[in-house]
Amino acid sequence: MKNLFIKGAISPEFIAISIAKHQSKKTIGAHNIFLGQVRADMVGENTVKAIEFSCYQEMAEKEMVALRETAFKKFNLTCMHIHHSIGEVKVGEICIFVFVSAPHRKNVYKATEYIVEQVKTNVPLFGKELFYSNTHQWKQNK
Amino acid sequence: MKNLFIKGAISPEFIAISIAKHQSKKTIGAHNIFLGQVRADMVGENTVKAIEFSCYQEMAEKEMVALRETAFKKFNLTCMHIHHSIGEVKVGEICIFVFVSAPHRKNVYKATEYIVEQVKTNVPLFGKELFYSNTHQWKQNK
Amino acid sequence: MIRITVKYYGEVAEKAQKEEEIINIEESNTQAILDYLKQTYGLAQEVKVAVNLELVTSATTIESTDEIAILSQFAGG
Amino acid sequence: MIRITVKYYGEVAEKAQKEEEIINIEESNTQAILDYLKQTYGLAQEVKVAVNLELVTSATTIESTDEIAILSQFAGG
């Protein structure tokens with residue numbers, strides 16, 4: 001899988017290029033995209049200014065490959081791309097980009113949702129929430 | 001609603017700009033985007049080369065405003081944008097762009113799906129499927 | 001009899017070969033318009049009728065100042 | 001007793017103040033590693049253990065050549 005992990009934030013331009021690459025695929029009728037953006041969450045008196053992501057790379061790649069195979073079969077997709085940031089992503093920036101494409105729209109929403117949930121549950125990614133006060137806490141997925 | 005109707009295809013760059021505009025909104029955690037792309041469908045011996053969209057504009061705008069209000073209430077969204085092409089959109093190009101944003105991911109998939117279905121059902125848009133043979137047929141939504 | 005402006009959209013406009021016309025109908029209701037469309041252009045019941053930007057699904061009384069539009073099947077997205 | 005390399009990720013690496021170490025444990029299973037982590041770094045049971053890139057949820061026999069990683073809660077997305 002190419003560019004599974006992106007250093008820093010995922011830019012809108014990167015997303016545009018990814019979309020543009022699909023315009024030669026003439027059987028695709030529907031795309032669904034999920035983007036996760038870093039929120040300025042308040043934690044007690046602190047406010048998140050960025051999240052610093054790290055991962056256990058070998059295992060993360062293995063899980064992503066498995067997820068990819070499962071999702072392709074489950075949802076009959078034409079294309080599927082997953083990108084996740086590694087390193088610091090500031091508030092307002094994008095840290096996860098899931099992009100699925102299929103001939104018809106029916107399954108694309110569920111496919112994206114499934115992939116996002118699986119990434120959150122099964123892929124060994126870790127997030128340190130950095131506060132403006134220069135303290136931090138470890139992100140817990142809900 | 002700004003730029004509800006776009007002349008011709010919706011470009012990846014337009015989508016990127018729309019995404020970038022949301023990076024100042026620090027309470028958003030999740031975006032979901034639906035893109036409809038024109039397929040090279042075969043109809044008997046003919047193949048679609050483009051769809052020419054037209055609309056009953058006053059009614060379409062009224063329906064879109066109503067849809068927008070309903071969707072905001074129903075899904076607790078922070079932002080919502082809908083754009084649809086008018087005029088010719090070639091195979092491989094994008095003709096509908098639905099973009100919803102919320103603090104958390106839970107509802108965004110359903111929101112996008114709901115909006116797309118409502119646009120297809122309630123908004124007076126018409127599509128002429130143009131074939132390579134220079135004949136055409138009127139698109140029927142399934 | 002009333003005199004009314006009717007707008008055509010999508011396939012309806014193609015079949016009527018016009019986007020708008022002024023017609024005279026005997027009865028002041030939408031069924032009379034559908035009858036006219038069937039007789040004149042061979043348009044059957046699959047068309048939708050909007051009165052003042054709202055779809056109507058059964059015969060509805062109309063006035064000459066109403067905005068009447070005849071629409072073919074919606075095909076957005 | 002076996003001698004084993006253990007990798008630390010996320011909050012675990014922070015608490016251990018290292019990303020990897022070689023430890024000696026009496027029993028050749030993952031429970032012995034968890035006991036070591038608790039004793040040495042005060043790490044409780046919320047950590048995950050991966051053996052050769054697979055999570056294990058109960059005490060699992062290990063060999064010195066296995067790749068052992070201790071992970072804090074996953075927080076992707």
Side-chain angles (χ1 to χ4, degrees), chain A residues 9-42 47-49 78 89-117 120 141-142, chain B residues 9-42 47-49 78 89-117 120 141-142:
Chain A
I10 298 166
S11 70
E13 294 70 31
F14 181 88
I15 297 162
I17 291 166
S18 195
I19 294 167
K21 279 182 186 160
H22 290 77
Q23 304 210 311
S24 59
K25 309 218 168 169
K26 319 255 164 164
T27 61
I28 290 175
H31 301 289
N32 193 260
I33 292 172
F34 178 86
L35 303 172
Q37 185 166 303
V38 176
R39 275 192 318 272
D41 275 353
M42 298 269 296
T47 305
V48 172
K49 71 169 178 184
T78 309
V89 182
K90 293 188 184 69
V91 158
E93 292 181 333
I94 289 159
C95 61
I96 180 170
F97 170 29
V98 174
F99 184 9
V100 308
S101 310
H104 298 275
R105 70 190 184 282
K106 188 164 177 289
N107 277 329
V108 296
Y109 314 98
K110 277 200 197 70
T112 313
E113 180 168 18
Y114 174 83
I115 294 163
V116 172
E117 296 309 309
K120 286 184 176 262
N141 273 352
K142 280 173 211 149
Chain B
I10 297 165
S11 70
E13 293 70 33
F14 181 88
I15 296 162
I17 291 166
S18 195
I19 293 167
K21 280 182 186 160
H22 289 76
Q23 304 211 310
S24 59
K25 309 216 169 173
K26 318 256 169 181
T27 61
I28 290 175
H31 301 289
N32 193 260
I33 292 173
F34 178 85
L35 303 172
Q37 185 166 303
V38 176
R39 274 192 318 275
D41 275 354
M42 298 268 295
T47 304
V48 171
K49 71 169 179 184
T78 307
V89 182
K90 294 189 184 68
V91 159
E93 291 182 333
I94 290 159
C95 61
I96 181 169
F97 170 28
V98 173
F99 184 8
V100 309
S101 310
H104 298 275
R105 69 190 183 282
K106 189 164 177 285
N107 277 329
V108 295
Y109 315 96
K110 277 200 198 71
T112 313
E113 180 168 17
Y114 174 84
I115 294 162
V116 172
E117 296 310 307
K120 286 184 176 263
N141 274 353
K142 278 172 216 152

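Protein chains get the first letters and strands the later ones, always in sequence-line order, with residue 1 at the start of each.
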(message) Counting only non-hydrogen atoms closer than 4.5 Å, does B:Val108 touch chain A with its backbone (N, CA, C, O), its side chain (CB onward), both, or neither?
(response) side chain

(message) Counting C-beta onward and ignoring hydrogens, is there a side-chain heavy-atom pair between B:Ile33 and A:Phe99 closer than 4.5 Å?
(response) no

(request) Measure B:Ile17 against the heavy atoms of chain A and call it side chain, backbone, both or neither at under 4.5 Å. (result) neither

(message) As an exercise: rank A:Ala16, A:Gly36, A:Ala40, A:Gly29 by heavy-atom pairs under 4.5 Å with chain B and give me the winner.
(response) A:Gly29

(message) What I want to check is whether the side chains of A:His31 and B:Gln37 have a donor and an acceptor closer together than 3.5 Å.
(response) yes

(request) Could you tell me whether B:Lys90 atom NZ has more than 12 heavy atoms of other residues or ligands within 6.0 Å of it? (result) no

(message) To the nearest 0.5 Å, what is the distance between CD1 on B:Ile19 and CD on A:Glu13?
(response) 9.5 Å

(message) Just so I understand: if I count every heavy-atom pair under 4.5 Å between each of B:His104, B:Glu93, B:Arg39 and chain A, which residue has the most?
(response) B:Arg39

(request) Measure distances from B:Val91 to the heavy atoms of chain A and classify the residue's part below 4.5 Å as side chain, backbone, both or neither. (result) both

(message) Is B:Ile15 in contact with chain A via its backbone, its side chain, both, or neither, using a 4.5 Å heavy-atom distance?
(response) side chain

(message) Which heavy atom of A:Ile94 sits nearest to which heavy atom of B:Gln23, and what is that distance?
(response) CD1-NE2, 3.7 Å

(message) Taking the side chain as everything from C-beta on, heavy atoms only, tell me whether A:Phe34 gets closer than 4.5 Å to B:Arg105.
(response) yes

(request) Below 4.5 Å from any heavy atom of chain A, which atoms of B:Lys49 appear? Answer side chain, backbone, both or neither. (result) neither

(request) Using atom types as modelled and distance alone, determine if a side-chain donor or acceptor of B:Asn32 lies under 3.5 Å from a backbone N or O of A:Leu35. (result) no

(request) Check each atom of B:Thr27 against the heavy atoms of chain A and say whether the ones under 4.5 Å are side chain, backbone, both or neither. (result) backbone

